[in-house]
Protein chains: 2
Amino acid sequence: MSYADFASLPCTLSRPAALLGERWTLLLLRQVFLGTRRFEDFQSTMDISRSVLTDRLNVLLQEEVLKRVPYQQDGRTRYEYRLTTKGRDLYPVLMALRTWGEKWMAPEEDESFHLHHRDCGGGVRAKVECTGCGAELTARDVQVTARS
Amino acid sequence: MSYADFASLPCTLSRPAALLGERWTLLLLRQVFLGTRRFEDFQSTMDISRSVLTDRLNVLLQEEVLKRVPYQQDGRTRYEYRLTTKGRDLYPVLMALRTWGEKWMAPEEDESFHLHHRDCGGGVRAKVECTGCGAELTARDVQVTARS
DNA sequence: TAGCTGAGTTCGAAAAACGAACGCAAGGGA
DNA sequence: TCCCTTGCGTTCGTTTTTCGAACTCAGCTA
């Protein structure tokens with residue numbers, strides 16, 4: 001079993017972990033959630049090599065995290081990369097990373113952007129909760145049961 | 001700016017994303033949360049090369065996500081890798097990946113393990129909420145404000 | 001007809017990962 | 001004492017990935 005095989009294990013954690021654990025993929029998704037949509041913009045803001053950028057975008061297209069959407073520019077049709085519903089559902093992953101970063105890796109200077117709830121202006125935080133009783137959970141509150 | 005530079009940006013999202021976005025790191029953390037603690041066990045269960053495993057463990061030690069804890073084996077002292085408090089705080093990241101995997105990448109067969117709340121037996125789910133009003137948030141509910 | 005622009009593709013060089021063998025410290029058995 | 005074993009790495013030559021500069025290509029514009 002090598003790295004790529006984790007992407008096909010029947011485990012709902014290893015599959016996403018293998019997909020997003022590929023180098024550049026998390027940073028690429030960060031950029032997507034920050035609003036970047038076009039090849040040239042990804043390339044120049046992230047300074048990623050064009051061939052790897054092409055590969056990562058194609059993987060995310062194939063996984064249906066991103067989709068290509070036509071737009072008009074100078075009278076000609078081009079395509080940009082947009083999140084699908086599946087892709088937008090990755091938001092909690094990014095927010096969990098940020099919540100952790102806020103707590104443990106906060107830089108001296110102010111962070112590069114702020115997030116707040118449009119409706120009430122409150123802050124944003126990722127958490128784990130019990131679908132039964134609604135309690136907030138930590139790793140220690142959760143029992144892991146291996147399948148037969 | 002290259003990949004490593006994202007780890008030192010003053011951004012609380014890019015730093016964790018660069019750290020966990022390194023190949024093998026997310027899968028290694030999965031294994032840690034599943035209970036693996038020793039070098040040989042990581043190596044054999046993940047089939048990662050020993051040199052890369054050494055490197056990733058050292059990075060996580062340096063970032064204080066893991067710590068080395070002595071234990072006794074056959075009358076001699078050895079060390080195992082355990083999560084620090086900072087490391088345990090990554091739980092929501094892994095659970096967010098799993099919540100996404102459950103929804104979008106569920107395999108035909110049953111998954112490899114189940115999780116439930118020790119106290120009430122309920123399921124486990126990651127979500128994003130407003131620290132002000134407590135509402136559950138999606139990407140569309142959140143306003144991004146760039147810093148000056 | 002030539003130039004421009006956005007979006008890739010190509011390909012040789014550099015970096016990272018692989019993997020088999022080696023090193024090493026400490027305990028156990030002959 | 002000497003050798004074997006175990007767990008945890010390190011080394012190093014080979015393979016895979018990434019880099020980065022140049023090239024291609026389609027379609028619009030001058």
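If you're wondering where the values come from, they're calculated on a predicted model, not measured in any experiment. Just the heavy atoms: all of them, side chains too, but no hydrogens, waters or symmetry mates, feed the values below. All chains are named by letter (A, B, ...) in the order of the sequence lines, taking the proteins before the strands, and each is independently numbered beginning at 1.
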Asks: Can you list, by residue number, the residues of residues 64-75 of chain B that have a non-hydrogen atom closer than 4.0 angstrom to DNA chain C?
Replies: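 Correct list: Asp74(B), Gly75(B).
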Asks: Applying side-chain contact (heavy atoms from CB on, under 4.5 Å), can you list everything that pairs with Thr54(A), at least two apart in sequence or on another chain?
Replies: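 Partners of Thr54(A) by the side-chain contact (heavy atoms from CB on, under 4.5 Å) criterion, ordered by chain and then number, come out as Phe39(A), Asn58(A).
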Asks: Please find the pair of heavy atoms, one from Leu61(B) and one from Arg68(B), that lie closest to each other, and give the distance.
Replies: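 In this case the closest contact between Leu61(B) and Arg68(B) is CD1-CD, 3.6 Å.
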Asks: Between Phe42(B) (CZ) and dG9(D) (C1'), how many Å, whole number?
Replies: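 The answer, rounded to whole Å, is 14 Å.
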Asks: Separation of Asp41(B) atom CG from dG7(D) atom P, in whole Å?
Replies: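 After rounding, the reported distance stands at 9 Å.
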Asks: Name the residue closer to the 5' end of DNA chain C, choosing between Tyr3(A) and Glu40(A) according to the nucleotide with the nearest heavy atom.
Replies: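 Whichever sits nearer the 5' end wins; that is Glu40(A).
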Asks: Within residues 18-35 of chain A, find the residues that approach DNA chain C with a heavy atom at under 4.0 Å, and present them sorted by residue number.
Replies: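 Result for residues 18-35 of chain A: none.
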Asks: Hey, what do you get for SG (Cys11(B)) to CG (Leu27(A)), rounding to the nearest 0.5 Å?
Replies: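 With rounding to 0.5 Å, SG (Cys11(B)) is 9.5 Å from CG (Leu27(A)).
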Asks: By the 4.0 Å heavy-atom rule, please label Tyr79(B) as base, sugar-phosphate, or nothing.
Replies: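 Tyr79(B): backbone/sugar contact only, no base atoms under 4.0 Å.
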Asks: Do Asp141(A) and Thr138(A) meet the criterion of a side-chain donor-acceptor pair at a distance under 3.5 Å?
Replies: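 Yes, because at least one side-chain N or O of Asp141(A) sits under 3.5 Å from a partner of the opposite role on Thr138(A).
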Asks: Among all residues two or more places apart in sequence or in another chain, which pass the ring pair (Phe, Tyr, Trp, His ring centres under 6.0 Å) test with Tyr3(B)?
Replies: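 Residues passing ring pair (Phe, Tyr, Trp, His ring centres under 6.0 Å) with Tyr3(B): Trp24(A).
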Asks: With sequence neighbours excluded, what pairs up with Ser2(B) under the side chain to side chain donor-acceptor pair (under 3.5 Å) test?
Replies: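 Here no residue qualifies.
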Asks: Can you give the donor-acceptor pairs under 3.5 Å from side chains of residues 121-133 of chain B to other protein atoms, not counting sequence neighbours?
Replies:
unit_1	atom_1	unit_2	atom_2	d
Arg125(B)	NH1	Glu136(B)	OE2	3.2
Arg125(B)	NH2	Glu136(B)	OE1	3.2
Lys127(B)	NZ	Glu129(A)	OE1	3.2
Glu129(B)	OE1	Lys127(A)	NZ	3.2
Thr131(B)	OG1	Gly123(A)	N	2.9
Thr131(B)	OG1	Gly123(A)	O	3.4

Asks: I need the minimum non-hydrogen distance between His114(A) and Arg98(A), along with the two atoms involved.
Replies: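 Of all heavy-atom pairs spanning His114(A) and Arg98(A), the closest is CA-NH2, 4.5 Å.
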Asks: Keeping to residues at least two apart or across chains, list the salt bridge (charged side-chain N to carboxylate O under 4.0 Å, His left out) pairs with something in residues 20-36 of chain B.
Replies: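 Every salt bridge (charged side-chain N to carboxylate O under 4.0 Å, His left out) pair that includes a residue of residues 20-36 of chain B, provided the two are not neighbours, is Glu22(A)-Arg23(B), Arg23(A)-Glu22(B).
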Asks: Give me the first and last nucleotide of DNA chain C, going 5' to 3', that has any atom under 4.0 Å from a heavy atom of chain B.
Replies: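 From 5' to 3', the first and last contacting nucleotides are dA17(C) to dG27(C).
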Asks: Anything under 3.5 Å between a protein N or O and an N or O of nucleotides 3-5 of chain D, put it in a table, one pair a line.
Replies:
none

Asks: Looking just at side-chain N and O atoms, do Gln73(A) and Arg78(A) make a donor-acceptor pair shorter than 3.5 Å?
Replies: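 Arg78(A) and Gln73(A) do not have a side-chain donor-acceptor pair below 3.5 Å.
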Asks: Looking at Tyr81(B), does any N or O in its side chain come under 4.0 Å of the phosphate oxygens OP1/OP2 on dG9(D)?
Replies: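 For dG9(D), OP1 or OP2 has a side-chain N or O of Tyr81(B) closer than 4.0 Å.
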Asks: Residues two or more places apart in sequence or in another chain: which of them pass salt bridge (charged side-chain N to carboxylate O under 4.0 Å, His left out) with Arg37(B)?
Replies: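 Here the qualifying residues are Glu80(B).
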Asks: Scan residues 44-92 of chain B for pairs that pass ring pair (Phe, Tyr, Trp, His ring centres under 6.0 Å), counting only residues two or more places apart or in two chains.
Replies: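 Those involving residues 44-92 of chain B are Phe33(B)-Tyr91(B).
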Asks: Is Glu102(A) salt-bridged to Arg15(B), going by a charged N under 4.0 Å from an acidic O?
Replies: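 No salt bridge links Glu102(A) with Arg15(B).
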Asks: Are the side chain of Trp100(B) and the backbone of Met105(B) linked by a donor-acceptor contact shorter than 3.5 Å?
Replies: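 Checked: no pair found.
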Asks: Using a strict heavy-atom distance below 4.0 Å, which residues from residues 44-55 of chain A are in contact with DNA chain D?
Replies: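 The stretch gives Ser49(A), Arg50(A), Ser51(A), Val52(A) as the residues lying under 4.0 Å from the strand, ordered by number.
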Asks: For the residue pair Gly87(B) and Thr84(B), what are the closest heavy atoms and their distance?
Replies: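 Here Gly87(B) and Thr84(B) meet closest at N-OG1, 2.9 Å.
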